[in-house]
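Shown next, in structure tokens, is the structure this report addresses.
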Amino acid sequence: MTFTARIALVGERSPNVQSHVRIPRLLEAVRERDGLLAEAYWIPTDEVGSGLGGFDGVWLLPGSPYCSEAGALTAIRSAREGGVPVLGTCGGFQHMILEFARNVCGIAGAKHAENAGNAEGEDADAVIMPLACSLAGHEGEVNVAPGSSAERIMGTSRSIERFNCTFGPNPAYSGTLEAHGLRFTGHDDEGQVRIAELPGHPFYFATLFQPELAGDGSRPHPVVAAFVAAACAAVGERAAARP
């Protein structure tokens with residue numbers, strides 16, 4: 001039996017954001033290649049409300065700063081706590097780290113420097129801070145941890161990925177985040193974090209790079225395909241559990 005997954009694409013959709021333009025075609029490419037069906041619904045951050053019940057997957061999109069930081073964090077939290085597959089890319093990665101810091105690590109004052117209006121990132125509470133060197137429009141290496149979900153999903157121990165970001169996680173908080181269960185499984189050659197995942201969750205995966213920008217946009221990146229597969233699997237598992 002074939003199941004169709006309902007996927008919430010969270011962020012302010014814009015024709016000027018290349019990843020937003022590519023995503024519908026990528027989802028269609030997953031259907032054509034892998035036979036996985038997904039219906040995408042664009043949800044602006046200020047329309048998230050109290051959560052995203054009824055969706056089988058949640059994708060926090062690039063394009064921050066979001067209209068509503070609170071809406072983005074609510075979407076992430078509801079997916080994390082509800083066991084709903086969740087993917088965050090670029091700005092989505094940053095907000096997944098921020099949500100985890102606040103609601104799992106208990107760092108109530110955790111901030112994203114961009115949202116806090118502090119582009120210099122000097123605030124001690126800035127869990128997300130400006131990168132020492134901007135990655136906007138750059139390609140860079142990602143070294144993947146052996147035995148991780150990242151290695152299984154990407155099928156490699158090293159990859160060259162496309163970035164378009166100027167903010168990333170503050171290394172000062174890495175130990176606290178890891179102590180509460182988050183695992184950093186992708187780094188550049190200097191050891192800077194590029195991938196985060198949460199063991200034990202059906203699919204909780206965040207990349208500072210943008211898998212949507214790989215190639216010419218006609219073939220789905222392994223991360224995108226794995227996310228859609230996880231969302232479809234969630235539909236199948238619910239169907240199997242019905243009496």
Side-chain angles (χ1 to χ4, degrees), residues 7 9-30 32-34 38 40 42 57-66 72 85-98 112-114 128-145 148-169 171 184-197 203-230:
I7 293 178
L9 302 176
V10 180
E12 282 60 64
R13 188 178 188 180
S14 171
N16 299 318
V17 178
Q18 188 180 14
S19 64
H20 295 187
V21 175
R22 283 191 172 195
I23 284 171
R25 176 66 188 110
L26 290 172
L27 296 178
E28 179 63 17
V30 173
E32 293 172 351
R33 190 190 70 183
D34 302 334
W42 296 79
V58 175
W59 187 346
L60 271 291
L61 303 176
S64 63
Y66 299 126
V86 56
L87 172 65
T89 56
C90 195
F93 167 99
Q94 297 160 22
H95 285 75
M96 285 174 72
I97 299 296
L98 182 63
H112 188 308
E114 183 179 41
I128 302 298
M129 60 186 292
L131 296 168
C133 296
S134 172
L135 290 171
H138 288 254
E139 288 189 340
E141 70 290 334
V142 177
N143 299 302
V144 181
S148 64
S149 292
E151 184 184 49
R152 174 180 55 80
I153 288 169
M154 297 173 65
T156 184
S157 60
R158 182 176 172 87
S159 180
I160 301 298
E161 302 291 348
R162 293 183 66 183
F163 294 81
N164 196 29
C165 56
T166 57
F167 290 83
F184 297 120
T185 56
H187 299 79
D188 70 3
D189 286 345
E190 283 70 50
Q192 299 300 307
V193 172
R194 299 294 181 251
I195 300 174
E197 59 186 70
F203 188 97
Y204 178 106
F205 202 77
T207 68
L208 193 59
F209 60 86
Q210 293 189 27
E212 319 91 88
L213 300 183
D216 63 2
S218 63
R219 298 179 61 186
H221 188 285
V223 168
V224 175
F227 168 64
V228 175

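Values below: all heavy atoms of this structure, side chains included; hydrogens, waters and symmetry mates excluded. All figures in this text were calculated on a predicted structure; none of them were measured in a lab.
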Worksheet item: Which of these passes side chain to side chain contact (heavy atoms under 4.5 Å, CB included) with Leu135: Arg194, Gln192, Arg162?
Response: Arg194

Worksheet item: For Phe163, which of Leu213, Val142, Asp188 qualifies under side chain to side chain contact (heavy atoms under 4.5 Å, CB included)?
Response: Val142

Enter the distance from [X]:[atom1] to [Y]:[atom2] here, rounded to the nearest 0.5 Å.
{"X": "Ser64", "Y": "His95", "atom1": "OG", "atom2": "NE2", "result": "5.5 Å"}
{"X": "His112", "Y": "Met129", "atom1": "NE2", "atom2": "CE", "result": "11.5 Å"}
{"X": "Met154", "Y": "Ser149", "atom1": "CE", "atom2": "OG", "result": "12.5 Å"}
{"X": "His20", "Y": "Ser14", "atom1": "NE2", "atom2": "OG", "result": "7.0 Å"}
{"X": "Tyr66", "Y": "Glu12", "atom1": "OH", "atom2": "CD", "result": "8.5 Å"}
{"X": "Cys165", "Y": "Leu208", "atom1": "SG", "atom2": "CG", "result": "3.5 Å"}

Might you point out which heavy atoms bring [X] and [Y] nearest each other, and give the distance in Å?
{"X": "Glu141", "Y": "Asp189", "result": "OE2-N, 3.0 Å"}
{"X": "Thr166", "Y": "Ser134", "result": "CG2-OG, 3.0 Å"}
{"X": "Ala225", "Y": "Asp34", "result": "CB-OD2, 4.0 Å"}
{"X": "Glu151", "Y": "Ser157", "result": "OE2-CB, 4.4 Å"}
{"X": "Leu26", "Y": "Pro220", "result": "CD2-CA, 3.9 Å"}
{"X": "Pro65", "Y": "Glu114", "result": "CD-OE2, 3.2 Å"}

Item to complete: State, with a plain yes or no, whether a side-chain heavy atom of Val193 is found less than 4.5 Å away from one of Ile97.
Response: no

Worksheet item: Within a strict 4.5 Å, meaning less than it, do heavy atoms of the Phe93 and Pro169 side chains meet?
Response: yes

Spell out, as yes or no, whether a donor-acceptor pair under 3.5 Å connects the side chain of [X] to the backbone of [Y].
{"X": "Glu139", "Y": "Ile160", "result": "no"}
{"X": "Thr89", "Y": "Gly92", "result": "no"}
{"X": "Asn164", "Y": "Gly137", "result": "yes"}
{"X": "Thr207", "Y": "Phe209", "result": "yes"}

Item to complete: Please assess Val10 against Leu60 for the test side chain to side chain contact (heavy atoms under 4.5 Å, CB included), listing each intermediate value before the final yes or no.
Response: CA-CA 5 Å; Val10 180; Leu60 271 291; 3.8 Å; yes

Worksheet item: Which is it for Ile195 and Val223 under the side chain to side chain contact (heavy atoms under 4.5 Å, CB included) test, yes or no, and what are the steps along the way?
Response: CA-CA 11 Å; Ile195 300 174; Val223 168; over 6 Å; no

Practice prompt. Over 60° means perpendicular and under 30° means parallel, so classify the ring planes of Phe227 and Trp59, tilted if in between.
Written response: perpendicular

Worksheet item: Do the rings of His187 and Phe184 sit parallel, tilted or perpendicular, given the 30° and 60° boundaries?
Response: perpendicular

Worksheet item: Any Lys/Arg nitrogen of Glu212 or Arg25 sitting under 4.0 Å from an Asp/Glu carboxylate oxygen of the other?
Response: no

